[in-house]
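The figures here come from the full heavy-atom set of this structure, side chains too, leaving out hydrogens, waters and symmetry mates. Each chain gets a letter, A, B and so on, in the order the sequences are listed, and its residues count up from 1. Treat the numbers as computed from the prediction; the structure is a model and nothing was measured.
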Amino acid sequence: MSDSEDLTLSEISSRNGHGAVKNEDDEMPLAQLNGRAKQKKRKSSDKSNGAPKEKKAKKAKTPSSSKVKKETPSAPATPKKTTKTPKPSQTPGSETPSATPKKEGSEEADEGYKWWEDENFGEGEERWQTLEHAGVIFPPPYEPLPSYVKLYYNGKAVDLPPLAEEVAGYFAAMIETDHAKNPVFQQNFFNDFLQVLEESGGCNVEIKDFEKCDFSKMAAFFEKQREEKKALTKPEKQRIKEEKEKLEEPYKTCLMDGRRENVGNFRVEPPGLFRGRGAHPKTGKFKRRVFPEDITLNLGEGAPIPPAPEGHSWGAIRHDKTVVWLAMWRENISDTFKYVKLAANSSIKGISDMKKFETARKLKDHIQRIRADYTKMLKDQFMQNRQIATATYLIDIFALRAGGEKGEDEADTVGCCSLRYEHVTLKPPNKVIFDFLGKDSIRFYQEVEVDRQVFKNLRIFKKEPKGPGDDMFDRITPTILNKHLQNYMKGLTAKVFRTYNASKVMQDQMDLISNEGTVAEKVVKYNAANRTVAILCNHQRTVSKNHEVGVKRINDKIKELEWQKLRLKKMILDVDEKAIKKEPKYFEELDDLTKEEQGVIVERVIERQKDQAEKKWNRDNEKRKMEKQELLTKEDLKEKLDKIAETRKEYLNEIKTGKVEATKGATVASLKTKIETVENRITNTSYQLKDKEDNSEVSLGTSKLNYIDPRLTVVFAKKFDVPIEKLFTKTLRDKFNWAIESTDENWRF
DNA sequence: GCTCCCACTTAGTATTTACTCT
DNA sequence: AGAGTAAATACTAAGTGGGAGC
């Protein structure tokens with residue numbers, strides 16, 4: 001009552017500043033302070049598409065050079081900031097690499113190395129000491145289409161220069177995709193196509209109108225190519241695969257600090273059409289081919305420089321120990337960087353992954369105070385502080401992302417700090433509807449109840465003169481928010497809350513699971529826990545095209561099994577008509593399926609049997625032809641079909657009479673056993689269906705890969721005797737090897 | 001205190017591979 | 001043993017966040 005809980009916006013504002021004096025700055029939202037920065041920043045598309053993009057200013061500067069210079073003097077001398085001074089005898093990470101005798105027989109030397117048992121590994125600013133690698137693999141050069149495959153314009157064959165043909169081909173190859181139907185994609189593609197066409201000398205036809213372009217011949221050619229590739233024989237495919245393997249061999253690994261480590265994306269991204277997600281303004285633009293001259297290699301000092309492809313040279317060579325990339329180039333769509341880095345199972349990735357989870361775990365020790373503080377700060381007299389508190393609340397409770405500012409030339413997506421007026425609907429007394437597009441243009445839609453003061457604050461943040469298009473959090477940015485969070489804990493940033501809460505939820509869910517049932521049942525429980533995390537993080541996936549079909553198929557299957565079950569029960573009555581008297585309950589469901597339903601099921605079953613009979617006949621004949629045997633005749637097939645038709649009649653008769661003749665030799669007991677089997681199948685199939693439905697638009701993979709501390713999964717496996725293979729795929733087991741090897745069943749997040 | 005640059009993690013989807021069921 | 005499906009992996013776009021330099 002006495003505090004500012006009910007202050008209006010203007011009241012808060014006027015209280016801002018020091019004492020009662022109104023402080024201009026404090027009252028002004030960031031956007032205005034920045035001098036109309038509202039017009040999003042970021043390099044406004046500097047036109048020049050794919051053309052020479054001299055970033056001379058930057059090249060000259062070589063930012064890293066200064067960095068490197070700065071730390072060079074100190075680096076070799078001081079062995080990192082080792083705070084804990086452990087046994088100095090074995091600290092390979094902090095010794096100079098030359099000191100570690102690894103070079104000879106390097107292949108084996110790494111096998112047993114366990115960085116997670118090395119306390120010092122990963123400390124210090126330098127990420128490695130020595131680095132040798134083979135560079136990158138380039139996509140094959142463009143192969144012009146055969147002369148009979150052409151683009152047609154207004155019905156006329158077009159003779160395109162190779163590069164223009166290549167661009168057109170990229171569109172033709174994806175003509176059936178949703179992208180190719182998107183007008184923005186089409187327009188961007190077409191503009192770039194015309195530009196490339198002009199730059200490469202034009203063609204025999206004047207092309208003006210996208211609608212008049214006919215890509216179908218090209219598309220058909222690519223389709224045919226795909227088919228041919230698929231139709232290759234086993235050994236042919238095998239040979240191609242082996243050749244590829246051999247070519248890639250040298251690039252797959254590198255030598256870092258004397259250890260053999262896997263490289264992740266050693267293939268340079270091939271040219272193509274940019275597939276932006278959501279309503280990306282640049283979707284469809286031509287992503288140009290990357291040449292060796294575009295690439296900067298990062299190597300250890302003195303490491304051999306891999307030869308550039310014939311007739312080419314590398315753009316630059318760098319020796320920057322403070323970064324983890326092996327190669328880098330600039331991409332032409334958004335003018336950003338692409339990096340070649342080590343694989344997920346490498347030491348360097350493992351270390352930072354473990355650090356991430358350790359930071360999140362540390363938050364446990366601070367979360368109470370942080371929550372108490374932001375709850376209090378929700379009523380702070382300063383607007384900025386209220387926003388900080390409110391944003392922290394949303395990030396903590398609803399797992400929102402930080403929400404940095406985005407440019408005009410990107411898809412319009414938001415996170416917490418970039419939420420706008422129209423994304424938040426208030427329903428008194430304390431309900432809020434969030435509706436916005438987040439990362440990857442995935443919709444975040446939630447109607448939730450919030451803290452009363454949070455509700456009030458959100459109302460204040462929406463107060464006029466604000467309207468649609470205006471930022472809710474107009475006085476904070478992720479940087480400001482993170483600065484504030486650092487006060488509580490080193491390394492605490494907005495994203496840590498997602499990791500913390502995800503792993504915390506997983507731990508809590510696991511605590512609820514009891515050690516009973518089969519392995520399969522435990523896996524289902526694990527997945528259910530995993531799913532709660534995925535839902536918290538709003539990890540979605542588009543419902544696959546055949547999801548509907550799949551669901552229907554399973555439903556049909558269940559219906560069919562039920563029909564089978566009822567038939568079996570009726571057989572029991574055929575064997576022993578008094579059974580119904582003895583166990584009325586058991587036969588209660590006898591009429592669960594109507595005659596119509598049974599009819600539908602029967603027709604489906606029969607239809608399938610016929611199908612299968614025909615297929616089998618075809619198959620057998622194929623085989624016989626190969627083996628030069630006598631072919632089956634139409635009569636053979638007809639015989640089968642007739643038999644099926646007979647079965648159909650019997651089924652239909654069953655429906656009519658409601659009676660089913662028991663199979664020969666069947667007893668009540670044997671039938672009951674069969675029924676049990678069918679019932680089990682029904683249960684299993686129903687679970688399968690439920691799982692399919694529940695998971696249809698939830699993606700479990702992302703949280704497993706990035707948010708759930710892998711040690712939790714290891715604990716689950718050990719405690720509940722579930723083989724880790726059931727929970728982690730091969731890739732995941734490699735990536736999380738550190739967790740698998742170092743965690744005992746009593747570990748807690 | 002900002003902007004820009006850079007580097008790194010996180011993310012959904014496209015493609016490949018493995019597995020299931022005839 | 002091969003089609004058809006589901007799982008696994010590869011790919012690369014789209015975020016976050018630190019820090020240099022004005």
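The pair A/E269-A/R288 fails the salt-bridge criterion, with no side-chain N (NZ, NE, NH1 or NH2) lying under 4.0 Å from an Asp/Glu carboxylate O. By the 4.0 Å N-to-carboxylate-O rule, A/D335 lies close enough to A/R330 to be salt-bridged with it. Look at A/D353 and A/K349 and you find no salt bridge, because none of the NZ, NE, NH1 or NH2 atoms lies under 4.0 Å from a carboxylate O. With salt bridges taken as basic N to acidic carboxylate O contacts below 4.0 Å, one links A/E223 and A/R226. Ion pair A/E243/A/R239 flagged as a salt bridge, since at least one NZ, NE, NH1 or NH2 atom sits closer than 4.0 Å to an Asp/Glu carboxylate oxygen. Ionic pairing of A/R420 and A/D412 is present here: one or more N-O contacts between side-chain nitrogen and carboxylate oxygen are shorter than 4.0 angstrom.
In this entry the distance linking CZ of A/R401 with C1' of C/dG17 reads 15 Å, nearest Å. As rounded to whole Å, 14 Å separates atom P of C/dA13 from atom CG of A/D335. Rounding to whole angstrom units, CG of residue A/D178 and C1' of B/dG12 are separated by 14 Å. Between the P atom of B/dC6 and the CZ atom of A/F337 lies a distance of 4 Å, rounded to the nearest Å. Distance NZ (A/K321) to P (B/dC6): 22 Å, rounded to an integer number of Å. Counting to the nearest Å, the P atom of B/dT9 and the CG atom of A/L342 are 11 Å from each other. When the P atom of C/dG17 is taken as reference, atom CD of A/E405 falls 15 Å away, rounded to whole Å. Atoms OH (A/Y707) and P (B/dT9) sit 13 Å apart, rounded to a whole Å.
Under 4.0 angstrom from either OP1 or OP2 of C/dT9 there lies no side-chain N or O belonging to A/K730. In this model, the phosphate group of C/dG17 is not approached by any side-chain N or O of A/K483 to a distance below 4.0 Å at OP1 or OP2. Using a 4.0 Å cut-off, some side-chain N or O of A/R330 falls inside it from OP1 or OP2 of B/dC6. At B/dC8, none of the side-chain N or O atoms of A/S352 fall inside 4.0 Å of OP1 or OP2 (strictly under the cut-off). Within the structure, a side-chain polar atom (N or O) of A/Q486 is placed less than 4.0 Å from OP1 or OP2 of C/dG18.
When each of C/dA8, B/dC6, C/dG17 is scored by its nearest atom to the side-chain atoms of A/K495, the top-ranked nucleotide is C/dG17. Considering only side-chain atoms of A/E269, the nucleotide from C/dA13, B/dA7, B/dA11 that sits closest is C/dA13. Looking at the side chain of A/K356, the nearest of the listed nucleotides B/dT9, C/dA8, B/dC8 is B/dT9. Considering only side-chain atoms of A/A402, the nucleotide from C/dG17, B/dC6, B/dC8 that sits closest is C/dG17.
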Output a table of nitrogen or oxygen pairs between the protein and nucleotides 13-21 of chain B separated by less than 3.5 Å.
residue: B/dT13; atom: OP2; partner: A/T542; partner atom: N; Å: 3.2

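As judged by a 4.0 angstrom heavy-atom cut-off over every strand, A/E697 is placed among residues making no nucleic acid contact. A/T479 comes within 4.0 angstrom of nothing in the nucleic acid, heavy atoms only.
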